[in-house]
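Shown next, in structure tokens, is the structure this report addresses.
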There are 2 protein chains.
Amino acid sequence: MTTTGPADPSVQPRVPLSRERVLRAAVDLADESGIESVTMRTLGQRLGVEAMSLYNHVSGKEDLLDRMVDLVVSEINDATGEIAGDWTTAMRRRILAAREVLLRHRWAPNVLESRTNDSAPLMRYYESLIGLFRAGGFSNDLTHHALHALGTRALGYTHEPFDDAQELPDPKVIAQQLAGEYPNIAALLEGVSHDPDSTLGWCDDQFEFEFAVDILLDGLERLRDRELATRSS
Amino acid sequence: MTTTGPADPSVQPRVPLSRERVLRAAVDLADESGIESVTMRTLGQRLGVEAMSLYNHVSGKEDLLDRMVDLVVSEINDATGEIAGDWTTAMRRRILAAREVLLRHRWAPNVLESRTNDSAPLMRYYESLIGLFRAGGFSNDLTHHALHALGTRALGYTHEPFDDAQELPDPKVIAQQLAGEYPNIAALLEGVSHDPDSTLGWCDDQFEFEFAVDILLDGLERLRDRELATRSS
DNA sequence: ACCTGAACACCGTTCAAGT
DNA sequence: ACCTGAACACCGTTCAAGT
């Protein structure tokens with residue numbers, strides 16, 4: 001068995017705390033146990049240190065959260081920076097690549113939205129998206145509207161009001177329970193039993209996300225074409 | 001001056017606490033001072049009672065938040081229930097009416113998304129939306145995808161990653177500061193100075209919201225028409 | 001049946017003290 | 001320069017006690 005005496009350099013307490021290590025540990029902790037488990041005390045514990053030591057590397061909880069978001073958005077930039085090509089396919093691929101990153105950090109969207117300070121990595125991401133729109137022939141105005149229309153989908157995620165209602169049991173059973181009070185919902189749920197190709201009854205998040213992105217990108221492209229046509233006339 | 005003796009029925013402590021009063025007070029408090037100010041202690045204080053008394057009318061903080069959301073969604077149902085007509089205009093008007101309600105309760109979207117229990121008023125709202133789609137000739141599948149595509153916009157709101165960056169000072173000044181690091185963002189911001197009709201530089205939330213809703217509704221209608229065409233062929 | 005006071009287990013954070 | 005222990009001001013919540 002290996003000795004873990006104070007001279008052993010592989011032993012935990014030897015590696016010194018740093019801002020970098022604190023932030024990485026916070027992201028890992030949030031990935032594993034959820035953002036609500038990221039408290040100064042548990043984070044310190046994970047790093048083998050008292051909570052108060054963290055304040056030497058981070059100015060407080062808000063700063064910690066700001067920098068955690070920065071790390072995640074930097075990951076998005078790394079994953080999407082190289083993606084180029086004609087604007088619709090490039091935009092689509094970037095958005096889906098961003099989505100993959102966020103699926104690894106499910107706490108990130110909510111934290112991102114709670115931030116009030118702007119983030120340099122986020123600026124860089126939008127810088128690159130705007131470049132794509134402009135190269136695709138979009139006017140300033142249409143680019144602006146397009147960013148708003150995509151909203152958080154530009155970053156690869158979306159909020160849905162029924163986020164947690166997705167682990168449904170057999171939709172047919174539920175449909176019968178709801179038939180009295182909610183006939184339309186019940187009929188919708190029953191749709192799945194009559195049509196074997198239906199995607200109803202379970203929700204394929206990836207499909208639904210792409211479905212919505214495609215509607216938006218198609219619509220935006222149509223508006224750009226119209227814009228180009230009126231401009232040249 | 002009026003006497004406020006113990007026999008005066010108009011004096012505050014006389015009106016007894018009730019579940020209804022607790023919930024109304026909580027919504028009012030959140031509207032006025034933000035959701036973070038809704039603590040059991042401050043809510044009790046507002047009602048002239050100790051925090052612990054609230055537990056006689058509400059099973060806890062989570063229950064309180066559930067019911068606060070229910071109140072707001074009920075308001076949406078009241079505002080939208082009567083709106084009928086051909087599906088695009090009816091859907092559009094309902095969504096915009098829901099938006100007006102949520103603009104009066106800005107804390108509601110975030111709380112709604114943090115809920116894990118499903119809400120009867122929310123079910124009723126979706127029941128009515130689904131009815132609109134079905135009456136408009138949408139298949140079960142397309143109705144399902146449509147609800148996902150609309151996402152929270154079906155309820156009249158949307159999350160944008162730059163929510164707080166909207167009280168910008170002069171966009172031209174910002175553009176110059178950003179020109180070095182973010183040339184595309186800067187160019188976008190400068191667009192406003194070259195085009196007097198541009199909507200850039202400030203963000204008209206209502207315009208942007210309707211812009212996105214219209215893209216989605218147009219796209220959905222197009223898909224429905226295609227669906228109807230293939231079905232009848 | 002409803003309300004209260006004291007207490008508990010958690011937060012983030014400050015500060016004086018250690019090395 | 002970095003880490004610690006004790007303390008403070010907040011949370012939500014429990015519980016025994018009052019009326």
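From a predicted model like this one, the values you see are computed outputs, not experimental measurements. Basis for what follows: all heavy atoms, side chains included, without hydrogens, waters or symmetry-related copies.
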Next item on the list: Please identify each residue that fulfils ring-ring contact (aromatic ring centres under 6.0 Å, His included) with B:Tyr125, with sequence neighbours left out.
Entry: none
Note to self: The criterion is ring-ring contact (aromatic ring centres under 6.0 Å, His included); which residues satisfy it with A:Phe211, sequence neighbours excluded?
What the structure shows: B:His145
Item checked: Pairing residues for A:Arg93 by the side chain to side chain donor-acceptor pair (under 3.5 Å) criterion, not counting sequence neighbours -> none
Note to self: Restricting to side chain to side chain donor-acceptor pair (under 3.5 Å), what partner residues turn up for B:Glu32, sequence neighbours left out?
What the structure shows: B:Arg46
Note to self: Under 3.5 Å for both pairing distances: what stems, at least three Watson-Crick or G-U pairs long, include DNA chain D?
What the structure shows: C:4-8 with D:12-16, C:12-16 with D:4-8
Checklist line | Pairs flagged by salt bridge (Lys or Arg N to Asp or Glu O under 4.0 Å) wherever residues 53-63 of chain A is involved - sequence neighbours left out | finding: A:Arg19-A:Asp63, A:Glu62-A:Arg115, A:Asp63-A:Arg67
Note to self: Once side chain to side chain donor-acceptor pair (under 3.5 Å) is applied, do any residues pair with A:Thr80, and if so which ones, sequence neighbours excluded?
What the structure shows: none
Next item on the list: If a pair satisfies ring-ring contact (aromatic ring centres under 6.0 Å, His included) and one of its residues is in residues 22-72 of chain A, list it, with sequence neighbours excluded.
Entry: none
Item checked: Any residue of residues 42-60 of chain B with a heavy atom less than 4.0 Å from an atom of DNA chain D -> B:Met52, B:Tyr55, B:Gly60
Notebook entry, point to check: What are the bounds, 5' to 3', of the part of DNA chain D that sits under 4.0 Å from heavy atoms of chain B?
Noted result: D:dC11 to D:dT14
Donor-acceptor contacts under 3.5 Å from residues 24-31 of chain B side chains, at least two apart:
from, atom 1, to, atom 2, distance (Å)
B:Arg24, NE, B:Glu20, OE2, 3.4
B:Asp31, OD1, B:His105, ND1, 2.8
B:Asp31, OD1, B:Trp107, NE1, 2.6
B:Asp31, OD2, B:His105, ND1, 3.0

Next item on the list: Check ring-ring contact (aromatic ring centres under 6.0 Å, His included) between B:Tyr182 and all other residues, then give those that pass, not counting sequence neighbours.
Entry: none
